[in-house]
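Quick notes on the structure that follows.
To find a chain, count down the sequence lines: A is the first, B the second, and so on, and within it residues start at 1.
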Amino acid sequence: MPEGHTIHRLAADHLGLFGGQQLAVTSPQGRFAAGAAVVDGQVLERADAHGKHLFLGFADRRWVHVHLGLYGKVAFGRLPAPSSRGAVRMLLTGRTHYAELRGPTACELVTDADKAVIAARLGPDPLRADADPERAWQMISRSRAPVAALLTDQAVVAGVGNVYRAEVLFRHGIDPARAGRSLTRAEWEVIWADLVTLMRQGVDDNRIDTVRPEHTPEAMGRPARQDAHGGEVYVYRRAGQPCLVCGTAVRTEPLRARNLFWCPGCQSR
DNA sequence: TAAGTATGTTAAG
DNA sequence: TTAACCTACTTAC
């Protein structure tokens with residue numbers, strides 16, 4: 001589930017379960033053994049999320065930088081930890097709970113300076129209070145690239161992934177193939193505001209829901225659906241199925257090695 | 001049991 | 001542009 005909302009939720013959960021505690025930090029799988037040894041026994045002081053990057057801040061300004069990539073997951077549980085299955089890259093053990101990290105693209109020890117370098121190459125994050133959507137607009141309004149590609153470019157907007165980009169474009173009737181520079185400022189402002197709303201909701205619910213109340217199956221008089229990935233969405237992974245609003249078959253096409261989903265009936269603007 | 005797919009990024013060519 | 005990486009789940013046989 002790793003789009004930005006997942007990472008911000010993880011930051012809050014780590015702080016809530018482990019903040020201010022000395023943690024046992026190990027790498028049962030071994031690939032983070034050296035880094036784990038450095039922070040083992042240290043107090044977790046902070047947790048920060050920037051886009052899809054998670055930073056766990058220990059004493060002496062040492063950060064554990066985690067990027068889940070496509071497969072990474074964190075599983076929390078109450079102690080005692082069960083004998084875990086599979087490869088656990090990092091195991092955190094606190095007073096009452098544990099956290100198991102599996103399959104991340106990145107799990108490494110970094111300094112303040114390293115963290116700043118990562119943050120500097122990211123665009124504004126709709127989930128951060130310090131985000132400046134104007135920075136994204138400057139790039140979008142000058143780009144010939146499709147708006148769908150710009151939205152998942154982490155240098156333009158940080159934290160948006162394949163689900164949020166498909167859904168936010170659907171919600172505003174925008175053709176994903178349109179060039180960034182064809183967007184009006186008003187269209188961008190509405191997209192940004194909606195990303196803030198949707199992603200905050202995603203953090204609270206720990207899943208992605210984008211379907212407006214008036215379009216739920218119940219409201220539309222259709223049988224209830226079950227989306228395999230949890231949340232209720234309009235177009236993501238619904239290729240070939242009828243659009244929840246207009247009935248047109250949802251389309252999919254690869255865009256830069258990711259599957260893009262959209263409704264040709266609703267998204268003509 | 002095997003094959004296919006995935007909410008992502010990086011490095012090589 | 002392509003391959004590589006990492007894990008878990010679903011579907012096909």
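Atom C1' of nucleotide dT7(B) and atom NZ of Lys73(A) are separated by 9 Å, given to the nearest angstrom. The interatomic distance linking Leu260(A) (CG) with dT7(B) (P) rounds to 11 Å, in whole Å. For Asp153(A) and dT7(B), the CG to P distance is 17 Å, given to the nearest whole Å. One atom, CG of Leu101(A), and another, C1' of dA8(C), lie 14 Å apart when rounded to the nearest Å. Rounded to whole Å, the distance from CZ on Arg102(A) to C1' on dT7(B) is 19 Å. What separates NE2 of His67(A) from P of dT7(B) is a distance of 14 Å, to the nearest Å. Separating the CD atom of Gln29(A) from the C1' atom of dC5(C) is a distance of 12 Å, rounded to the nearest angstrom. Per the geometry, CG belonging to Asp209(A) stands 14 Å off C1' belonging to dT7(B), to the nearest Å.
You'll find that the side chain of Glu3(A) is closest to dT7(B), out of dT7(C), dT7(B), dT9(B). Ranking dC6(C), dT7(C), dT7(B) by closeness to the Arg89(A) side chain, first place goes to dC6(C). The side chain of Ile208(A) has dT7(B) as its nearest neighbour among dT9(B), dT7(B), dT7(C).
Using a 4.0 Å heavy-atom cutoff across all strands shown, Glu167(A) reaches no nucleic acid atom at all.
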For nucleotides 10-13 of chain B, print each protein N/O atom paired with a nucleotide N/O atom at under 3.5 Å, atom names and distance only.
residue : atom : partner   : partner atom : Å
dT10(B) : OP1  : Arg121(A) : NH2          : 3.2

Each nucleotide N or O in nucleotides 2-6 of chain B that has a protein N or O under 3.5 Å away: list the pair and distance.
residue : atom : partner   : partner atom : Å
dA6(B)  : OP1  : Asn259(A) : ND2          : 3.1
dA6(B)  : OP2  : Asn259(A) : ND2          : 3.4
dA6(B)  : O3'  : Tyr236(A) : OH           : 3.2
dA6(B)  : N6   : Tyr71(A)  : OH           : 3.3

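With a 6.0 Å radius and a threshold of 12 heavy atoms from other residues, nucleotides or ligands, Arg212(A) has its CZ atom above the threshold.
Look at Arg31(A) and you'll find a side-chain N or O under 4.0 angstrom from OP1 or OP2 of dC6(C). Contact between the side-chain N/O atoms of Gln154(A) and the OP1/OP2 oxygens of dG8(B) is not found at any separation under 4.0 Å.
One C1' atom belongs to dA8(C), the other to dT10(B), and the distance between them is 22 Å to the nearest Å. To the nearest whole angstrom, the two P atoms, one in dC6(C) and one in dT1(B), are 24 Å apart. Comparing dT7(B) with dT1(C), their C1' atoms sit 23 Å apart, to the nearest whole Å.
Side-chain contact, Thr111(A) with Asp114(A): a donor N or O sits under 3.5 Å from an acceptor N or O. Trp262(A) and Asp175(A) share no side-chain donor-acceptor pair at under 3.5 Å.
Each of Leu10(A), Leu15(A), Leu92(A) was evaluated against Leu56(A); a single residue qualifies, Leu92(A), per the side-chain contact (heavy atoms from CB on, under 4.5 Å) test.
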Salt bridge (charged side-chain N to carboxylate O under 4.0 Å, His left out) between Asp13(A) and Arg9(A): does it pass, once the steps are laid out? CA-CA 6 Å; Asp13(A) 286 349; Arg9(A) 174 62 178 252; 3.2 Å; yes
Does Phe76(A) form a ring pair (Phe, Tyr, Trp, His ring centres under 6.0 Å) with His97(A)? I'd like the steps, not just the answer. CA-CA 7 Å; Phe76(A) 295 105; His97(A) 288 75; 8.2 Å; no
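Remark: His8(A) pairs with no residue by the ring-ring contact (aromatic ring centres under 6.0 Å, His included) rule, at least two apart or across chains.
Ionic pairing of Glu167(A) and Arg165(A) is not present here: no N-O contact between side-chain nitrogen and carboxylate oxygen is shorter than 4.0 angstrom.
Pair check for dT10(C) finds dA3(B); Watson-Crick or G-U wobble, both atom distances under 3.5 Å.
Ring centers of His215(A) and Tyr234(A): under 6.0 Å apart, within the cut-off.
Using a 4.5 Å heavy-atom cutoff, the side chains of Trp188(A) and Pro133(A) are in contact.
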